[in-house]
Amino acid sequence: MLLLPAFLTYLLCIASWILGAATTGQTQEEHVREFFGKNGANTTSSHTNNWAVLVCASRYWFNYRHMANTLGMYRTVKRLGIPDSNIILMLADDTACNSRNKFPGSVYANAGRRLDLYGDNIEVDYRGYEVTVENFIRVLTGRVEESVPRSKRLLTDDRSNVFVYMTGHGGNEFLKFQDNEEISAFDIADAFEQMWQKKRYNEIFFMIDTCQANTMYSKFYSPNILATGSSEIEENSYSHENDNDIGVAVIDAFTHYVLEFMEGINKTSQTSMRDLFNSYDFNKINSHAGVRSDSFPRPLDRTLITDFFGGVAQVEVLPPNTDWYGAPSKELPTLISTRSETENHRLNKIPQPETRSGVSPVRWRGSGSMRAWGSLCLVGLLIGWVAVAKK
Amino acid sequence: MTSGVTIPALVAGRLLVSLLPLPDALQHDHQLSSPLTSYSRLQEGIYLFKNGIDPYSGGVFRHSPLFLSLFSTLLPTSRVTSSILWTLCDAVGALALIRIWRARQRVSSSSRDGLIGAVYLLNPYLFLPTLALSTSTFENTLTLLSIMFASEGQISASLLTLAFLIQLSLPSLLLVVPLFMLLVGDPVSRLASPAPISSDLRKTIPMLFEFMVYSIVLVLASTLVSGSWAWIPNTWGLGLTLPDLTPNPGLWWYFFTEMFDHFRPFFLVVFSVHLIIYVFPICIKFQHDPLFAAFILLGILATFKPYPTLSDPGLFISMIALFPEIYPYLRHPIVTTLLHLHASLLLPLFHHLWLTQGTGNANFFYAITLVFGVSNGAALIDCIYAGLRIAIGKGDGFEVVQE
């Protein structure tokens, strides 16, 4: 009995698939462009998900500001929509509960201690002695041991935009890791090249706040990398301010002004990278912040901040079903496009066959109250018969 | 203690209490009502039915369709009328208990009538579920009515009320065997002198047919109300498939929350068969006193039912009043009473601690559920022992005196 409608729906599926496949070609590209263009008229982005790798390469109490730098970036990136599952946060994490911290359990980034960046809702993936050069390169390239849990892996694909932020003590083409070892600009460049070969990123935005930071991105040779640093060669990067009660510097100047710029950004913002880079001011930062965009394919004024800092999701709102019993509506549903954590599907509009969901609603044969009276009469008859006729 | 004064006084007192403004939390309490008996679910089902939606299509309404027909036509479901109806139901149950007692003693009235009525009406295990408007009151009343008609020899009425009871609660099928034995025998106490069953068991066959006819008519009436056969898996199937794991004072729910799906069918079968295996041993051992067998099986139902409430052990405890001959032979009545006291005081406490306050967890409540099961089991074992011990008779020079 069910065979005939099942066979008909199967034929319908095949027919619509063939039809959809036959109309690919020209319209396919338009579909893709339209899908990616939904973020706004001013964008040329081609990513579907966002990741962030935030590294603080220093430890000890007097490097409080590096911890605050990274936590400030973490907070901004989370606020703009990248979830914890897409953020790899590497911190020495010895500041908040340090015995020298007058405000235990808190990390502040400004002199008035207005905003606690530590809070009770942060997820540090690599902490303490796990923040090593080897782990950093393993995270980037994906060559981690089998026992490493998912939260500590960078699970990017070829449509991921990755934001890599590093801060600490650095020098000419090197960055000091945990007062113990150093990573060189060549190492990072090779790691990025491995990522490119393995198709582990769509675009990378590399930001670094150390002394002589711009040297760290001078050695990149992979495509689609946009980089910015806080100071030129032979130049120091300076901290921004001290807090008198904490007793150490709480934030670096470059990161402070970048974060201040970010405070004006929300998820729907159309502010471009060009605006960010134009906001760099030597008088405020006290060092020459640099930008390297030669391998970056898109124009910077058409590249949004949220392409790297945010995890923007697109939602299409479909009209509500009007059928009372919940049977699927007659219109063919369009695909809901999202821009977070989805693969790049083939965008055929596959029409859904009209199927009934598992439990079909019962059609009332006759009104309910009539049936209730009917059954009540039946029961009453039974009781009456037993009471009267039988002993 | 004349029953003519006490029973109306108690009923009036209960009416008064039930009409007082009671907290609504009582209706949602997990000890007093289960998914099968909850008043709020009944109201939900009636509302859905009145608005043309099948109440059995969701997982909310688990009552029998006969409730739908009753409450959507004859009886309104406001709080006042429901309280009055439930209290009157309990009063009918108390009267049924008194008449069972009289039939057992072969007297038309006795001095203990008032006491027995009071034991039923004042039992907190029965009083509180009635205040919570749990439909287990109907189940208890129908059980007592069925046993009463059987004790008085009215076969058809007994079978009809039993058929109604099965409609409301499938596990009560356990009562079919002792009830049939009661119908062909009599309720008089023969615990002290056991003998093989003297009445003709072949007379039960036409009774079986009559019972089947009544059941089929009621099933048809239920199907007519609900419009489809969907009510069967949603009411009767509940005890067999256990889809709803709401906490209750029973032993099933916790077990099945932590059960792997792979073993679920096996353990459902085990638990269901566990209920059934008690029927024939108890009926064979107490074939000389089928009323006592019914009493013991009610106790087993109370302990091992899929969705018990407090009213099931309440019925069992109140029915102990019918068997004063076993009191001298109870070995540990005080321990049982204290266990019951312990469990009944801690059940609501740990329930509150777990679900309201959040400082406890389910293990607290489950532990007290286990203690409650132990206390029911202790009462059962004591009663079975005493029922058998009487037969051994006097040994120490004491004489058993029946009132």
Side-chain angles (χ1 to χ4, degrees), chain A residues 1-6 9 105 119-123 149-150 318-331 333 352-391, chain B residues 45-59 64-75 142 145-146 149 152-164 167 206-207 210-211 213-231 233-234:
Chain A
M1 262 162 284
L2 285 173
L3 205 57
L4 186 60
T9 52
D120 41 313
N121 195 22
I122 68 169
E123 255 182 48
R150 273 183 79 91
L318 301 176
N321 273 332
T322 51
D323 195 329
W324 169 255
Y325 285 117
S329 61
K330 299 288 193 297
E331 308 109 48
Q352 296 215 355
E354 208 188 273
T355 51
R356 287 228 158 231
S357 49
V359 175
S360 56
V362 177
R363 302 280 174 193
W364 270 172
R365 298 179 295 273
S367 105
S369 78
M370 261 173 36
R371 281 180 296 110
W373 278 110
S375 90
L376 207 64
C377 289
L378 190 59
V379 168
L381 272 174
L382 190 63
I383 297 176
W385 180 64
V386 165
V388 171
K390 299 277 196 160
K391 185 195 74 81
Chain B
I46 292 168
Y47 175 79
L48 288 173
F49 179 72
K50 282 184 175 163
N51 283 303
I53 305 170
D54 181 13
Y56 294 105
S57 56
S64 164
L66 296 175
F67 277 119
L68 279 179
S69 62
L70 191 66
F71 282 99
S72 61
T73 52
L74 278 185
L75 299 168
L142 282 171
L145 278 175
S146 177
F149 284 131
E152 294 178 350
Q154 301 183 46
I155 302 174
S156 304
S158 168
L159 291 174
L160 184 61
T161 41
L162 187 65
F164 269 111
Q167 286 293 308
M207 281 194 254
E210 198 179 335
F211 174 65
V213 165
Y214 293 151
S215 294
I216 290 172
V217 171
L218 285 177
V219 163
L220 288 173
S222 304
T223 312
L224 180 63
V225 174
S226 70
S228 69
W229 297 93
W231 64 274
N234 275 309

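All heavy atoms count here, side chains included; hydrogens, waters and symmetry mates do not. Convention: sequence-line order gives letters A, B, ...; per-chain numbering from 1.
- Minimum heavy-atom separation, B:Ser69 to A:Ala372: CB-O, 3.6 Å.
- The minimum heavy-atom distance between A:Ser369 and B:Thr73, with the atom names listed, is O-CG2, 4.5 Å.
- Residues A:Leu382 and B:Val217 share a closest heavy-atom pair of CD2-CG1, 4.0 Å.
- For chain A, the nearby part of B:Leu160 is the side chain; its heavy atoms alone come within less than 4.5 Å.
- Neither the backbone nor the side chain of A:Leu381 comes within less than 4.5 Å of any heavy atom of chain B.
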Before you tell me yes or no, could you show the steps for A:Ile383 and B:Phe164 under side chain to side chain contact (heavy atoms under 4.5 Å, CB included), namely the whole-Å CA-CA distance, both residues' side-chain angles and the distance that decides it to 0.1 Å? CA-CA 10 Å; A:Ile383 297 176; B:Phe164 269 111; 3.9 Å; yes

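- Looking at B:Gln167, neither its backbone nor its side chain comes within 4.5 Å of chain A, counting heavy atoms on both sides.
- Across all their heavy atoms, B:Leu66 and A:Val379 have their closest contact at CD2-CG2, 3.9 Å.
- Of all non-hydrogen atoms in A:Gly374 and B:Leu224, the two that sit nearest each other are C-CD2, 3.8 Å.
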